[in-house]
Protein chains: 2
Amino acid sequence: MVDESGRDEDAYEAVFSALAHPARRRVLLTIYFNGGSMAAGEIAAVFSHAWQTTTRHLQILEAAGLLSSARDGRMRIYHLERKRLDLVRDWLAHFSITPDPAKETP
Amino acid sequence: MVDESGRDEDAYEAVFSALAHPARRRVLLTIYFNGGSMAAGEIAAVFSHAWQTTTRHLQILEAAGLLSSARDGRMRIYHLERKRLDLVRDWLAHFSITPDPAKETP
DNA sequence: TCAATATTCAGCGTACATGCTGAATATAGT
DNA sequence: ACTATATTCAGCATGTACGCTGAATATTGA
């Protein structure tokens with residue numbers, strides 16, 4: 001079961017919180033421009049933070065469902081979970097549909 | 001000049017942080033379903049929080065550019081700023097374009 | 001001007017986020 | 001088994017977020 005449920009409020013909270021930090025947005029973009037997958041060490045190398053700090057950012061992103069990971073030998077490969085980003089994009093798309101015009105400011 | 005600049009990192013941070021809190025997402029949806037505009041008191045009435053707490057959420061949303069406000073007599077009308085939501089939606093849309101396939105995991 | 005209504009400001013306590021450092025774990029290669 | 005490599009865990013200091021309460025401000029109507 002990959003993730004059939006996860007469309008609750010908590011998911012939104014986790015994802016938006018994860019995206020709130022510049023370093024984490026940059027992690028996502030970095031992985032994206034690398035083709036969608038990247039080793040933890042490679043990602044950490046991009047930042048001036050201590051690598052342990054990046055590790056935690058990766059864990060937060062994974063907990064939010066924005067990344068998934070798998071060991072490959074002695075390194076861990078993270079890769080982007082587009083579906084989760086789509087969840088948020090769809091939430092935002094709500095607001096692009098013109099709302100009920102019957103209730104304009106009275 | 002409505003908002004020609006505001007496409008920097010800080011804008012993303014403010015908007016994603018603002019969206020990270022369930023109460024603030026609910027504020028946006030509430031205003032949206034009310035037709036796009038709503039008085040502060042009306043909004044506060046929706047929540048079980050102390051109204052001062054909601055005030056602060058409204059300020060955070062306004063600081064993030066997701067709401068704008070104007071006095072109308074003795075009440076303050078907040079209304080939704082769709083453009084700001086679009087800013088974020090566009091950021092997320094990046095990831096829906098298939099990235100450079102030349103760099104697949106080697 | 002006075003009282004009522006609508007909203008905001010200021011300050012407090014608790015909890016969590018984020019950076020760090022040092023120690024621990026797991027795998028690969030000799 | 002031993003060492004180097006790659007990553008994670010644990011704990012600490014600082015700062016900020018979020019709820020609250022009490023006081024302040026602004027506008028309306030008598």
(message) Go nucleotide by nucleotide along DNA chain C from the 5' end; which of A:D72 and A:R56 gets its closest nucleotide reached first?
(response) A:R56
(message) Reading DNA chain C from 5' onward, which residue's closest nucleotide shows up sooner: B:R76 or A:S48?
(response) B:R76
Rounded to whole angstrom units, what separation is found between the [atom1] atom of [X] and the [atom2] atom of [N]?
{"X": "A:M75", "N": "C:dT25", "atom1": "CE", "atom2": "C1'", "result": "18 Å"}
{"X": "B:E42", "N": "C:dA6", "atom1": "CD", "atom2": "P", "result": "11 Å"}
{"X": "A:F47", "N": "C:dT18", "atom1": "CZ", "atom2": "P", "result": "13 Å"}
{"X": "A:I60", "N": "D:dC9", "atom1": "CD1", "atom2": "P", "result": "13 Å"}
{"X": "A:F16", "N": "D:dA17", "atom1": "CZ", "atom2": "P", "result": "18 Å"}
{"X": "B:M38", "N": "C:dT7", "atom1": "CE", "atom2": "P", "result": "11 Å"}
{"X": "B:H21", "N": "D:dT16", "atom1": "NE2", "atom2": "C1'", "result": "13 Å"}
{"X": "A:I77", "N": "C:dT27", "atom1": "CD1", "atom2": "C1'", "result": "14 Å"}

With the side chain of [X] defined as its heavy atoms from C-beta on, choose the nearest nucleotide among [options].
{"X": "B:A50", "options": "D:dT8, C:dC20, D:dT21", "value": "D:dT21"}
{"X": "A:R74", "options": "C:dT27, D:dG19, C:dT18", "value": "C:dT27"}
{"X": "B:A40", "options": "D:dC20, C:dG19, C:dT8", "value": "C:dT8"}

(message) Under 6.0 Å from the ring centre and within 45 degrees of the ring axis: does the NZ or CZ of B:R25 meet both conditions for the six-membered ring of A:Y12?
(response) no
(message) Under 4.0 Å, counting only non-hydrogen atoms across every strand here, what does A:A39 touch: a base, just sugar-phosphate, or nothing?
(response) sugar-phosphate
(message) Looking only at the aromatic ring of each residue, does the gap between the centers of A:W91 and A:F95 stay below 6.0 angstrom?
(response) yes
(message) Looking at B:H49 and B:W51, would you say the former's side chain and the latter's main chain have a donor-acceptor pair under 3.5 Å?
(response) no
(request) Record whether the side chain of A:Q52 comes under 3.5 Å of the base of D:dG11 through a donor-acceptor pair of N or O atoms. (result) no
Indicate whether OP1 or OP2 belonging to [N] is found under 4.0 Å from a side-chain N or O atom of [X].
{"X": "B:T53", "N": "D:dG19", "value": "no"}
{"X": "B:H57", "N": "D:dA17", "value": "no"}
{"X": "A:Y78", "N": "D:dT8", "value": "yes"}

(request) Answer yes or no: is there an ion pair linking B:R89 with B:D86, defined by an N-O contact shorter than 4.0 Å? (result) yes
(message) Just verifying a value: how many Å separate A:L87 CG and A:R82 CZ, rounded to the nearest 0.5 Å?
(response) 15.5 Å
